[in-house]
Amino acid sequence: MIRWLRSLIGWTEERSGAIAMVAPIMTHRVPRDAKWWYVFGSATLMFFTIQIVSGILLATLYAPSAAEAYLSLVYIDQQVPMGWLLRALHAWSSNAMVLMVVVHMSQVFLHASFKYPRELTWMVGVLLLLCTLALAFTGQIMRWDQDAYWGLGIGASIVDRVPVFGNQLRNIMLGGPIIGGATLSRFFALHVFVLPGLTIALVGLHLALILKGGISEMPQVGQVVTPETYRKEYEARVHKTGVPFFPDAAQRDMVFCGLSLIVVMALAVWCGPVGPSGVPDPTVINANPRPDAAFLWIFAAMALLPPQIETFLLLASPPLIVLGLLAMPLLANRGERAPTRRPIAVIAFTTIAVAIAALSWLGVTSPWSPVMDAWTSVPTPVNMVKQLTPLQMQGALVVQYQQCRNCHALDGTGGMRGPELKNVGARLSWDQLVRQVQQGGGNMPAYGKTLSSAQTTALAAFLQSCRTDGVGPATIPGALERAATPDQPPVAVPPVSQ
Amino acid sequence: MNDGCAECKGGCDQTPPRSRRGVMFMIGAGLMGVGSLVAAVPLLGVLIAPGFRRYGNTWIDLGAVGNFPMGQTRLASFAIPGSNPNDGQTATAAAWVRSMEGQKFQVFAVNCAHLGCPVKWFQQSRLFMCPCHGGVYYEDGSRASGPPPRGLFEYPVKVENGHLLIDAGRLPGLQESV
Amino acid sequence: MSRTFLLVASLVVVTCGACGQIPLQQSASTSEAPVVTWKGLYAQNCSGCHGADGSIGGARPLRDASYLASVSRNGLIDIVRRGQGVLMPAMDVSQGGAISSEQIAQLVDGMMSDWGQGGKPHVVAWAGELGSPQAGHAVYAATCQSCHGLPDGVAAGTRGSVTDPNYLRLVSNQALRSAVIFGRSDLGGLCNGPYPGQPASRTLSSSEVADVVAFLASKRPNFGGHTP
């Protein structure tokens, strides 16, 4: 049996030369110290493979038509045996792939592995990052739910801001004047043909470049990269102390890949598939569109950009960021690789990482968004209600009725767009309260035309009562105090006692 | 066509003269070029055609004027004409209709002028609010606060035979407002 | 050994998950699951003003069996659908609100059966005509003034003025009537007795309620005939 097998292999090898071709690749020598830091690229590749396989299976079930896509997802989730698990795996593996790409890239950056002779490997890696993000974004569109529809609307609005050709580009992107069937088909073609094909080709190139340049060593202080002599030194070192990739280095990859696959599988089983959210009906305007996790930081940045230069930043920063990433190894292709000797690189990395993490968190909480139903669904805190006079009580109702609550919190509940009102009576005097409500300002709409004088007075009376116990109402030193007349409620709030 | 040199090593005089091979190469490259250009017309054409087409608007009936009580702002939905059959639900759109004294109307696109999210009308505070980045507009569509660079997109309106019509059909955006 | 164990474990996890169809988290993850129960409708549309559990809030508490028994089902549905006074918004879609007539009926029915359990209608009818302001002044002086102060608004009393013109412009006569009949016990307020300095058995009759509401209404400034 074994002899028969061996002769079969020999027969094939004699004709194909496959083993002769692959064996040196598998056993090429890699630095001995290439330890656990180096597993993330392999994990990315594994998740990409899973995406390909699960994606092909999803394509056998999914109907890429705007009229049917949503229903086919519901069908996959509810009727196809284990269909929901397939969707869950595709979604969670996609998140894992994005995460692994980012971790892999961070490691390469911190260890300065992009320096000579691996500049091209980094550049191809940057393109692979873009492909991964593009796959994640177009994948979100495939869900064809509310988030996908309005997410496309956001994309279209950004493209529309391009000077001169914006509208034409937008129509090319959408495949017509509206977000519709043509749009889904375009993004479907991107998601299942163009981007995966491109990614496969780039992965091949990336791997070929890795083989050519060799796996980088762990950075060591004093081991400076000098392009003129680096190759000779590296080869000498790897020849002397290196180990074969298979099985010495590959076993760590296998352990890490296996573990992360199990984690992703567990997430898929426990958390289930992502979406679909509401039906993609443009006439249902109770939507609250949010992008997937990988894009939350962009979503947050778009809320926080200064309006004057927003269009410029929206259009100019993506190409600038990409160009910067591509050009980086060309600008710094020699010198120290150790993070301890590259303080600027480490500071830059930390700054960017913290900024993206903070923006992502802001994207989750989105404090700039009004809570659309807070005015009817977030109760006035009971401890505040208990203290109020009849007029102030009407003021508390005005706060709800006029949707103030959508943007303002009372004792921690409600919107977060505007300032918390719990202590506003200690910050603003009566006149300041009335002025702010009527004229708006500081990113608050003016309510002067909407509120009757009675509503304004009740509102001011309530807001003035919003103070911690024992703190008097805010006053302007030296200014005349408002007299307590029947029309104008007294500044001093009557003490409450049973 | 014999230009394999392996068998002609050592003074093989059958090798075609260099000039002939050059001509052949030029003709081949030329034919390939022309062929590619011809083939590119439909390939590229289909891809970028939407950028060169003029998508006209049409007058769309939003229903009887009586459906929009005076002093209120109501959501009206309509089918987008000329959409293709596999658009499904996405071939519909919605607009906010503000009905004013004397049968005057303002009709706003639901899309926020910032990045196109659907704004919601609040009758009590007479404001439109956007759930994405917190854009707020007054009842006449003008910008009140938040990131939008302008007021809400407003459709041209006319009243015919007791019906309210708007000139619509495209997704509104900053370049071509409606 | 350990690799086999991992393999088996993961297979077990996967098959267990796969048997039980779609996991529970999935149905919750679809944003804005339709609000189906009346309590869900209440939390979404009413709790802002009427309180999280309907027992205390800025507006009248609805977890009040006597109130729910006095207001007819159709009366309540009408208030919810079309709004009332100045600060109760119309909730029906046809009125520019957020919920359908069917949902409103479901909400009111649910509220009546869950919170109106065993409630008896108050002896004084929920709705009624205004009485005499002069007679109402006397009723006010006897029963309201000790907490709500003198009616000219100079001394507001311990619980704040109810004759404040701005307050009166924001509450309807019906809301005043409901407050007098049912009180705001959630706030520790009495309104419907017993009144300080009066016998504990003292309650307001129908005509007294009509009078005191008429008195309060007479204190409301009248701009061009507009009444809330």
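Per chain, numbering begins at 1; letters A, B, ... match sequence-line order.
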K.L.:
Relative to chain B, which segment of A:Val284 carries a heavy atom at a distance below 4.5 Å: side chain, backbone, both, or neither?
P.N.:
neither
K.L.:
Looking at B:Cys132, B:Ala94, B:Ala93, which one has more heavy-atom pairs under 4.5 Å with chain A than the rest?
P.N.:
B:Cys132
K.L.:
Under a 4.5 Å heavy-atom cut-off, does chain B meet the side chain of A:Ser366, its backbone, both or neither?
P.N.:
neither
K.L.:
Measure the spacing between CG of A:Leu314 and CG of B:Leu115 and express it to the nearest 0.5 Å.
P.N.:
6.5 Å
K.L.:
For B:Asn86 and A:Ala66, which heavy atoms make the closest approach, and how far apart are they?
P.N.:
O-CB, 3.1 Å
K.L.:
Given a strict heavy-atom distance threshold of 4.5 Å, which part of A:Ala156 is in contact with chain B: side chain, backbone, both, or neither?
P.N.:
side chain
K.L.:
Got a second to check how far B:Trp121's CH2 is from A:Ile285's CD1, nearest 0.5 Å?
P.N.:
12.0 Å
K.L.:
Using heavy-atom distances under 4.5 Å, tell me whether B:Cys112 contacts chain A through its side chain, its backbone, both, or neither.
P.N.:
neither
K.L.:
side-chain contact (heavy atoms from CB on, under 4.5 Å) with A:Gln394: which residues, sequence neighbours excluded?
P.N.:
A:Leu397, A:Ala458, C:Leu87, C:Tyr167, C:Leu170, C:Val171
K.L.:
What class does the angle between the rings of A:Trp375 and B:Phe122 fall in, given that below 30° is parallel, 30 to 60° is tilted and above 60° is perpendicular?
P.N.:
perpendicular
K.L.:
Measure distances from A:Pro306 to the heavy atoms of chain B and classify the residue's part below 4.5 Å as side chain, backbone, both or neither.
P.N.:
neither
K.L.:
Please look at A:Val164 and chain B and tell me whether the side chain, the backbone, both or neither of the residue comes under 4.5 angstrom of a heavy atom of that chain.
P.N.:
backbone
K.L.:
Contact part of A:Met444 toward chain B, heavy-atom cut-off under 4.5 Å: side chain, backbone, both or neither?
P.N.:
backbone
K.L.:
Please classify the contact of A:Tyr401 with chain B as side chain, backbone, both or neither, using a heavy-atom distance under 4.5 Å.
P.N.:
both
